[in-house]
Amino acid sequence: MFDAAFQALAALLDPTLLIYLVVGVLAGLVMGIIPGLGGTGAVAVLLPFAFILEPTQALALIIGAVAVVHTSDTIAAVLIGVPGSASATVTLMDGHAMAKQGQAARALSIAFLSSMAGGVIGAIGLTLSIPIARPLVLAFGSPELFMLTVLGISLTATLSRGNMVRGLIAGVLGVLLGQIGAAPAAADYRFTFGSLFLNEGLDLVAVALGVFGLAEVIHLVAKRGAVSEVTGIGGGWRQGVRDFLTNWTHVIRGSLIGIWAGVLPGVGATAGTWMAYGSAVASSKDKKKFGKGDPRGIIAPESANNSVEAGDLIPTLLFGIPGGAPAALLMGALLVYGVEPGPRLITDHLDIIYTIVWSFAIASILGAALCFGISTPLARLSNVRFPVLGAGLIVIMFVSAYQEPKQFAVLQVMLLLAALGWFMKAINMPRAPFLIGFVLSIPMERYYFLTTRLYEGAEWVTRPGVLIMLGVLVLPLLLAARRRLAKNRTVAVEVGEDEEEGADVGVLEHSWVPSFMAGVFALTFLGALIQAQSFSTRAALMPTAVGIVGLLLSLAMLIREIQVHRRAGSVSEGKLAVLRNVGAAFLWITLFVVLVYLLGTMLAALVFVPVFLWFVAKMSPWRILVYTAVLLAVLWVLHRFAEIVLPVGIFTPGVLR
């Protein structure tokens, strides 16, 4: 074990791998500061580039981004009061309050050091879990692995903030989309509707970028602009270091809570940070300072949010169950290289595990060091109106999604999923269960068929591991039922809020829109159920089960929404304005896709970016010229030297093909 650990460290210290690690760290820092994108956006953007790299290079690139996203998302939370991710909302309370008192540098110093410590402690926890978990993992058979896939989806959904039914629907919908393409247990294609593109199933990157990244771009472009109440960073760096050292017990406690929250599938960084914050408040004698700029209110959540990401890797690597959306994408990357997370990973690819551990630890330290040096320019970036950033992000996201399938249809799929992702966000439906359900759909079906072939009837249900996981699965349902009966809901601190959701969610929650979406979901599952009857027996089993469960859940949601919001009637004028702005943003993105279809990426960007910046971002002509030239240069360099494939249009000149 120690030999593998030191060999992985020696390999990681190779200059080439360090360069990829640094690139990943820089990408994670930039993505972290953009509200709403977070770890999923960072990994999704980098994932296509990882396909052309060696496995260790790709892991260094991706882990570098994942390890530091929660380090930089603090900058926007502290300086402008807009969290880069949902977990940063906890830091916002004391961090932004401290910044408004002229101590932004002190708050950032505390946050960076705490995030670094949380990442390092999380990496240590991941390392220690390997020898402890190894006997347990090796004892797992197909029944336990099947139950783990069910548990991973169900816990993510049942612990989601708000209505549990919505989380379950999101998870089941993800499983349904994962069924598109070839069936793993039969020579049959499902839900392809005669399309050759769908025969291979939906691409993970396109799904993630559509539901998370592009949906957030639409949301932020529609909002237009960000205004900061903080005029500068100020001083206080050294005071922040002293605060960090003085409250070292909160650092350790918060990190341990974060690891624990990460190990449990579906809990995530938001729950971990809230629990760490609550623990800090409960253990402090003077509680009145919290929420008014108390250093402990920054240390506890910041220590937890980075260690959560390391904790997420424990079920992802050792059990094949992603603990969150970024971990699900990492799992997808491993599968691309033929490395399947689970019991065999420990025996066959121990070097990969230690590469991830070392990458996480080094990236955490490097990310904190870079944040100290680039806080000022990153702070300026957070004040840039988002349409300015959105023009380039739209181009980059579509290019990223195109890399694996290399078919124009993937851009159309992204548009549809972006609309779905935005509506899920607007009605406060968590999106992490959707992505995890999509990733685990085929493994769940494969493990189920293997289990039924090895065991007679329901014999496998009596295995101790299966019974334990059934208990873990039922417990949240009982607790949720108890909370519902007691009518004692709290939105601010309820565990399991979707990690990738931003602070501005649920804009259409109290209207007729959730009822409408419930009807759409019901029709979708009903259509899938009808279509499944034309498949062979084995191919139809899972889609039928998913269709029945999804239909029942959707009808339950529809009935509940009609009861709760029967007086909502029409959407208010303010919400109609939001819908108009969102519709306009969606039309702009659709225009880019049409231009790509006609002209190809380079010419589409040459036309779309200047027009978008002129009409939406209201930039001056010379800045538009520079912006467009830089973006086109980046695309050319990526195409020429990084072998990035750019979509070609039907009228693209031969020189650009």
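Worth knowing before you read on, the calculation uses all heavy atoms, side chains too, and leaves out hydrogens, waters and symmetry mates. Along the sequence shown, the residues carry numbers beginning at 1.
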Rounded to the nearest 0.5 Å, what separation is found between the [atom1] atom of [X] and the [atom2] atom of [Y]?
X      : Y      : atom1 : atom2 : value
Leu613 : Lys618 : CG    : NZ    : 11.5 Å
Ile63  : Ile362 : CD1   : CD1   : 12.0 Å
Thr524 : Met517 : OG1   : CE    : 8.5 Å
Leu21  : Thr16  : CG    : OG1   : 12.5 Å
Leu176 : Phe438 : CG    : CZ    : 11.0 Å
Gln407 : Asp203 : CD    : CG    : 10.5 Å

So do the side chains of [X] and [Y] get within less than 4.5 Å of each other, counting heavy atoms only?
X      : Y      : value
Leu591 : Leu587 : no
Trp614 : Met619 : no
Met602 : Leu632 : yes
Val593 : Phe408 : yes
Ile396 : Val634 : no
Leu606 : Leu603 : yes
Leu214 : Phe398 : yes
Trp588 : Phe608 : yes

Taking [X] for the side chain and [Y] for the main chain, is one N or O donor matched with an acceptor at less than 3.5 Å?
X      : Y      : result
Ser364 : Met116 : no
Arg431 : Val211 : yes
Tyr627 : Val388 : yes
Ser359 : Thr355 : yes

If every non-hydrogen atom of [X] is compared with every non-hydrogen atom of [Y], which pair is closest and at what distance?
X      : Y      : value
Thr628 : Pro610 : OG1-CG, 3.6 Å
Tyr402 : Pro647 : CG-CG, 3.4 Å
Leu599 : Thr652 : O-OG1, 2.7 Å
Ala206 : Ala401 : CA-CB, 4.2 Å
Phe586 : Ala419 : CE1-CB, 4.1 Å
Ile298 : Thr91  : CG2-CG2, 4.0 Å

Query raised in the report: Given the rule in the side-chain contact (heavy atoms from CB on, under 4.5 Å) test, do Val616 and Val611 qualify, once you have shown the distances and angles that lead to the verdict?
Result: CA-CA 8 Å; Val616 180; Val611 175; over 6 Å; no

Requested in this report: Taking side-chain hydrogen bond (donor to acceptor under 3.5 Å, both in side chains) as the test, write out the residues that go with Ser115, two or more places apart.
Outcome: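 Per chain and number, Ser115 pairs via side-chain hydrogen bond (donor to acceptor under 3.5 Å, both in side chains) with Glu302.
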
Report task. Just do the side-chain contact (heavy atoms from CB on, under 4.5 Å) check on Tyr189 and Ile180 with the steps written out, would you? Result -> CA-CA 8 Å; Tyr189 289 95; Ile180 296 175; over 6 Å; no

Query raised in the report: Leu370 and Leu366: side-chain contact (heavy atoms from CB on, under 4.5 Å), yes or no, with the steps?
Result: CA-CA 6 Å; Leu370 288 175; Leu366 183 61; 4.1 Å; yes

Report task. Applying salt bridge (Lys or Arg N to Asp or Glu O under 4.0 Å), name anything that partners Arg580, two or more places apart in sequence or on another chain. Result ->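 Only Glu573 meet the salt bridge (Lys or Arg N to Asp or Glu O under 4.0 Å) criterion with Arg580.
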
Query raised in the report: Can Leu420 and Phe434 be said to form a side-chain contact (heavy atoms from CB on, under 4.5 Å), step by step?
Result: CA-CA 11 Å; Leu420 173 64; Phe434 176 88; 4.1 Å; yes

Report task. Evaluate the ring planes of Trp512 and Phe516, with Trp represented by its six-membered ring, and classify them as parallel (under 30°), tilted (30 to 60°) or perpendicular (over 60°). Result ->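 The rings of Trp512 and Phe516 stand perpendicular, inter-plane angle above 60°.
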
Query raised in the report: When you look at CZ of Phe197, are more than 12 heavy atoms from neighbouring residues, nucleotides or ligands closer to it than 6.0 Å?
Result: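 Count over threshold, so yes.
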
